Amino acid sequence: MPLSIATWNINSVRLRLPLVERLILDRAPDIICLQETKCPDELFPVERFHALGYRHVEVHGQKGYHGVATISRLPIQAVERRRFCEIADSRHLSVRFEAGGRSILLHNFYVPAGGDEPDPEINPKFRHKLDFVSEMNAIRAENGEDDGAILVGDLNIAPLEHDVWSHKQLLKVVSHTPVETEGFETMRKAGGWVDLMRHNVSPEQKIYTWWSYRAADWAASDRGRRLDHIWSSQSLVAGFRDVDILRDARGWERPSDHVPVIARFDLG
DNA sequence: ATGGTGGGAGCCCCA
């Protein structure tokens with residue numbers, strides 16, 4: 001049974017609903033995980049997704065900032081909307097669904113960006129980011145209840161050298177500092193997670209999913225970072241097929257600064 | 001060598 005899961009930081013779901021519709025028409029992913037929806041739950045455009053064949057919509061939003069949503073053609077049940085660092089931000093939603101006779105838990109995350117100054121002593125946003133990632137150590141790929149798990153989202157960290165356009169120039173830039181990248185990889189491995197975007201791609205090859213709005217020509221300068229991720233439990237790796245990064249979406253009209261990433265599985 | 005852009009709220013926050 002084929003299964004495709006998309007993750008996309010949409011940067012306002014109401015403003016960019018036409019872009020999500022374009023993704024649906026082009027790719028028809030079975031499940032779409034959005035971040036930065038910036039939409040209170042009662043104003044989420046649920047009916048539009050129903051009309052497009054996505055009958056199952058779970059949201060965890062708030063006014064103005066943050067917010068995640070998981071939109072599905074397959075039946076899903078909301079499992080949890082977790083709070084991290086004892087702050088009421090809407091940054092996590094997990095759902096359960098069945099595919100190929102297996103029960104799968106799907107986590108959708110929006111990790112704090114962390115501000116500009118990479119010093120937790122003087123920048124509380126950076127402290128929050130480090131604490132948030134540390135608390136993610138509790139999110140395990142094998143949980144004893146499900147047959148597998150997938151974790152996606154805007155994790156706001158580019159862990160490897162070739163996840164950024166210039167490793168050397170970004171070592172002191174939030175998203176690629178050693179304290180972030182090391183904590184991130186430690187957390188991923190401790191949780192039993194496999195980095196699917198790198199599973200069949202050489203660590204020497206550049207991968208980006210985000211390009212800043214503050215570039216005169218994002219495509220020409222191509223100063224990107226891999227901030228969006230798709231992980232799975234070891235149990236789903238045999239069924240994993242490939243990942244597609246929709247770079248073209250960065251050039252769509254009024255784009256998000258992130259592009260959709262789609263993982264395809266074939267679960268027997 | 002610095003500021004560049006964008007969304008949402010509401011006279012400034014966050015990315």
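In this text, all values refer to a predicted model and were calculated from it rather than measured experimentally. Reckoned from all heavy atoms, side chains included, excluding hydrogens, waters and symmetry mates. Here is how names work: the chains are called A, B, and so on, in the same order as the sequence lines, proteins then strands, and each is numbered from 1.
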Subject >> The single option from A:F184, A:Y110, A:F109 passing ring pair (Phe, Tyr, Trp, His ring centres under 6.0 Å) against A:H229 >> reply: A:F184
Subject >> Within 6.0 Å of CZ in A:R48, more than 12 heavy atoms from elsewhere >> reply: no
Original post:
Does OP1 or OP2 of B:dG6 have a side-chain N or O of A:R16 closer than 4.0 Å?
Top reply: no
**OP:** Measure from CG on A:N11 to P on B:dT5 and round the result to the nearest Å.
**Re:** 16 Å
**OP:** Sticking with atom P, work out how far B:dG3 lies from B:dG7, rounded to a whole angstrom.
**Re:** 22 Å
Original post:
Should we count CD of A:E42 as having more than 12 external heavy atoms under 6.0 Å?
Top reply: yes
**OP:** Report the distance from atom CG of A:L15 to atom P of B:dG6, rounded to the nearest whole Å.
**Re:** 12 Å
Just the atom pairs and distances: protein N or O near nucleotides 12-15 of chain B's N or O, under 3.5 Å.
{"from": "B:dC14", "atom 1": "OP2", "to": "A:K125", "atom 2": "NZ", "distance (Å)": "3.4"}
{"from": "B:dA15", "atom 1": "N6", "to": "A:R214", "atom 2": "NH2", "distance (Å)": "2.6"}
{"from": "B:dA15", "atom 1": "N1", "to": "A:R214", "atom 2": "NH2", "distance (Å)": "3.0"}

Original post:
Do A:H258 and A:Y208 have ring centres separated by under 6.0 Å?
Top reply: no
Original post:
B:dA9 P sits how many Å from A:L43 CG, rounded?
Top reply: 9 Å
Subject >> Sugar-phosphate, base or nothing in reach of A:R223, heavy atoms under 4.0 Å >> reply: nothing
Original post:
How about A:H92 and A:H60: are their ring centroids closer than 6.0 Å?
Top reply: no
**OP:** For A:W210 and B:dT5, give me the distance from atom CH2 to atom C1', rounded to whole Å.
**Re:** 11 Å
Subject >> Same-atom distance (P) from B:dT5 to B:dA9, integer angstrom >> reply: 22 Å
Subject >> Contacts of type ring-ring contact (aromatic ring centres under 6.0 Å, His included), residue A:H167, not counting sequence neighbours >> reply: A:H176
Original post:
Taking the same atom, P, in B:dT2 and in B:dG6, what whole-Å distance lies between them?
Top reply: 23 Å
Original post:
In whole Å, what is the span from the CD atom of A:Q169 to the P atom of B:dT2?
Top reply: 16 Å
Original post:
If the C1' atom of B:dC12 is compared with that of B:dA1, how far apart are they to the nearest Å?
Top reply: 26 Å
Original post:
Is the distance from OP1 or OP2 of B:dG7 to the nearest side-chain N or O of A:R14 less than 4.0 Å?
Top reply: no
**OP:** Verify, without hydrogens or angle tests, whether A:Q62 (side chain) and A:C39 (backbone) share a donor-acceptor contact under 3.5 angstrom.
**Re:** no
